[in-house]
Colleague: 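Provided herewith is a single structure, encoded as structure tokens, for subsequent inquiry.
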Amino acid sequence: MPEARVIPLRPDDDEPFVPPTPPPGWEDQLAGALEFLRRRVTGEYETDEFGFDPDLTDHLLLPLLRPLFRSWFRVDTQGLENVPDTGGALVVANHSGTIPVDALMTTVALHDEHPAQRRLRLLGADLVFDAPFVGALSRKLGTTLACNEDAERLLTEGELVGVFPEGFKGVGKPFSERYTLQRFGRGGFVSAALRTGVPIIPCAIVGAEEIYPMLGNAKTAARLLGVPYFPITPTFPLLGPLGLVPLPSKWLIAFGEPIETASYGPAAAEDPMLVFNLTDQVRETIQQSLYRLLMQRKGIFG
């Protein structure tokens with residue numbers, strides 16, 4: 001690389017002017033970007049049977065999410081050692097935030113902070129895939145339909161699968177019920193773990209509740225738009241598009257000790273009482289973790 005050229009002093013100069021030099025490694029970054037564009041144009045990239053696109057995820061989607069993770073929400077992670085380096089496992093987390101940003105931040109946490117850079121394959125509701133643009137991007141990021149068949153196939157193939165059993169009941173609950181877990185459905189995620197013999201990793205997320213404090217629900221608008229709820233927050237719809245900017249709350253994500261399922265055997269998935277008890281155990285574990293994290297956090301934005 002050519003050396004910086006020093007311009008001679010003019011009479012009124014205090015010191016020589018040195019033209020700024022590009023940051024180190026910029027040539028490699030430019031070359032990488034051009035190579036990425038070439039692959040996208042020529043189609044030299046692969047997707048799996050669920051539509052997951054590792055090339056697009058690593059070079060575009062994750063880089064777009066990292067500023068939120070590192071600088072806006074300043075996410076701290078705990079208990080990553082509880083997530084296995086290899087093999088299938090089911091991450092079960094609380095859900096909140098009006099818009100499911102918590103799923104995206106958990107994806108970044110496991111990829112960037114875990115020693116093995118685990119990819120989280122999220123399970124999403126039908127509404128996610130019905131939404132234009134959002135559905136396609138979700139597929140590219142590795143999300144698939146929240147059904148036992150797809151979950152079990154991914155777990156059997158050794159993938160790390162993420163599920164938010166509260167669903168829209170959790171993500172769309174009012175701010176007055178923050179950090180209070182909603183019902184965990186019928187325990188389908190427990191059945192999937194039992195059939196595949198993978199551990200269940202309880203995951204507690206603090207911070208998402210405050211990004212869009214939901215003060216009300218415009219039910220008529222929600223019905224007209226065909227969505228579960230239409231949130232009214234301190235900034236939306238009052239500030240229009242600016243109201244979509246999330247508040248910079250401080251986030252903590254904690255992965256708890258695994259709950260093993262292999263000793264029960266696949267047939268245990270047909271035992272409704274066992275499924276209920278394990279579901280309740282996971283829910284209570286996450287709820288207690290939320291209380292602990294809230295005590296650790298110095299402030300909503302601190």
Side-chain angles (χ1 to χ4, degrees), residues 65 68-69 72-73 75 90-110 120-135 137-139 141-147 151 161-189 202-219 221-237 243-254 279 282-283 286-287 289-290 293-294 300:
L65 294 172
L68 280 176
F69 182 89
W72 194 251
F73 299 133
V75 182
L90 187 65
V91 175
V92 183
N94 59 300
H95 213 13
S96 63
T98 305
I99 295 176
V101 180
D102 48 7
L104 301 177
M105 294 301 101
T106 307
T107 298
V108 178
L110 286 164
L120 185 64
R121 304 297 297 272
L122 296 166
L123 301 179
D126 294 357
L127 183 62
V128 173
F129 302 105
D130 291 340
F133 186 66
V134 172
L137 276 185
S138 297
R139 286 281 187 192
L141 190 62
T143 305
T144 192
L145 189 64
C147 65
V161 175
V163 61
F164 295 80
E166 293 174 279
F168 290 118
K169 299 187 303 294
V171 77
K173 66 177 177 288
F175 189 64
S176 60
E177 298 178 15
R178 59 192 180 278
Y179 299 116
T180 301
L181 292 182
Q182 306 298 298
R183 194 171 67 88
F184 267 22
R186 300 178 181 177
F189 69 92
C203 176
I205 304 170
V206 161
E209 295 277 17
E210 293 90 6
I211 63 173
Y212 299 109
M214 187 166 164
L215 305 180
N217 177 18
K219 295 182 179 179
R223 188 165 54 251
L224 291 174
L225 294 172
V227 293
Y229 53 87
F230 187 89
I232 298 173
T233 75
T235 59
F236 182 84
L244 298 176
V245 177
L247 297 178
S249 56
K250 172 65 180 176
W251 283 43
L252 303 172
I253 300 179
T279 301
V282 174
R283 185 182 181 278
I286 296 173
Q287 184 68 79
S289 296
L290 289 174
L293 292 177
L294 287 169
I300 292 177

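In what follows, residues are counted from 1 in the order of the sequence shown.
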Colleague: Go through the structure and list residues passing side-chain contact (heavy atoms from CB on, under 4.5 Å) with T144, not counting sequence neighbours.
Modeller: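 side-chain contact (heavy atoms from CB on, under 4.5 Å) list for T144, sorted by chain: F50, L123, R139, D150, L154.
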
Colleague: Could I get the full list of ring-ring contact (aromatic ring centres under 6.0 Å, His included) partners for F236, not counting sequence neighbours?
Modeller: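 So F236 forms a ring-ring contact (aromatic ring centres under 6.0 Å, His included) with F230.
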
Colleague: Name all residues meeting the side-chain contact (heavy atoms from CB on, under 4.5 Å) criterion together with P246; count only those two or more places apart in sequence or in a different chain, and write none if there are none.
Modeller: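 Residues passing side-chain contact (heavy atoms from CB on, under 4.5 Å) with P246: W72, F73, I211, Y212.
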
Colleague: Taking only residues two or more places apart in sequence or in another chain, which ones pass side-chain contact (heavy atoms from CB on, under 4.5 Å) with L104?
Modeller: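 With neighbours one apart ignored, the set is L65, L141.
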
Colleague: Which residues satisfy the salt bridge (Lys or Arg N to Asp or Glu O under 4.0 Å) test with E166, sequence neighbours excluded?
Modeller: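 Expected list: none.
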
Colleague: For residues 101-110, pull every pair meeting side chain to side chain donor-acceptor pair (under 3.5 Å), keeping only residues two or more places apart or in separate chains.
Modeller: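 Residue pairs passing side chain to side chain donor-acceptor pair (under 3.5 Å), neighbours aside: H95-D102.
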
Colleague: So how far is it from L181 CG to L290 CG, rounded to the nearest 0.5 Å?
Modeller: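 Answer for the CG-CG pair, L181 versus L290, is 5.5 Å.
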
Colleague: Indicate the atoms forming the closest heavy-atom contact of F129 with S138, along with that distance.
Modeller: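 Taking F129 first and S138 second, the nearest heavy atoms are CE2-CB, 4.4 Å.
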
Colleague: So, do S96 and I205 sit near enough that their side-chain heavy atoms are less than 4.5 Å apart?
Modeller: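 No - every pair of side-chain heavy atoms lies 4.5 Å or more apart.
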
Colleague: In a table with atom names and distances, give each donor-acceptor pair under 3.5 Å that connects a side chain of residues 221-229 to protein atoms at least two apart or in another chain.
Modeller:
from: Y229; atom 1: OH; to: T98; atom 2: O; distance (Å): 2.5

Colleague: Could you measure the distance from the CG atom of L110 to the SG atom of C203? Nearest 0.5 Å is fine.
Modeller: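 Spacing of CG (L110) from SG (C203) equals 7.5 Å.
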
Colleague: Any side-chain heavy-atom pair from F168 and L127 closer than 4.5 angstrom?
Modeller: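 F168 vs L127: side chains touch.
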
Colleague: For the pair V171 and F164, evaluate side chain to side chain contact (heavy atoms under 4.5 Å, CB included) and give the outcome as yes or no after the intermediate values.
Modeller: CA-CA 9 Å; V171 77; F164 295 80; over 6 Å; no

Colleague: Under the salt bridge (charged side-chain N to carboxylate O under 4.0 Å, His left out) rule, what pairs show up with a residue in residues 208-219, not counting sequence neighbours?
Modeller: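 Those involving residues 208-219 are K173-E209, E210-R297.
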
Colleague: Identify the heavy atoms of G142 and R121 that sit nearest to each other, and give their distance.
Modeller: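 So the two residues come closest at O-NE, 2.9 Å.
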
Colleague: Can you name the closest pair of heavy atoms from L247 and P213 and give their distance?
Modeller: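 So the two residues come closest at CD1-CD, 3.9 Å.
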
Colleague: If the condition is side-chain contact (heavy atoms from CB on, under 4.5 Å), which residues does T235 pass it with, not counting sequence neighbours?
Modeller: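 With neighbours one apart ignored, the set is T233, L239.
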
Colleague: Could you tell me which non-hydrogen atom of L294 sits nearest to which non-hydrogen atom of V206, and how far apart they are?
Modeller: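 It is CD2-CG1, 3.9 Å.
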
Colleague: Of all heavy-atom pairs between P165 and V92, which one has the smallest distance, and what is that distance?
Modeller: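 Result for this residue pair: CG-CG1, 3.4 Å.
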
Colleague: A125 and L145: which non-hydrogen atoms are nearest, and at how many Å?
Modeller: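 For A125 versus L145, the nearest heavy atoms are C-CD1, 4.4 Å.
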
Colleague: Do any N or O atoms from the side chain of R283 and from the backbone of Q182 form a donor-acceptor pair under 3.5 angstrom?
Modeller: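 Yes, because the side chain of R283 sits within donor-acceptor range (under 3.5 Å) of the backbone of Q182.
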
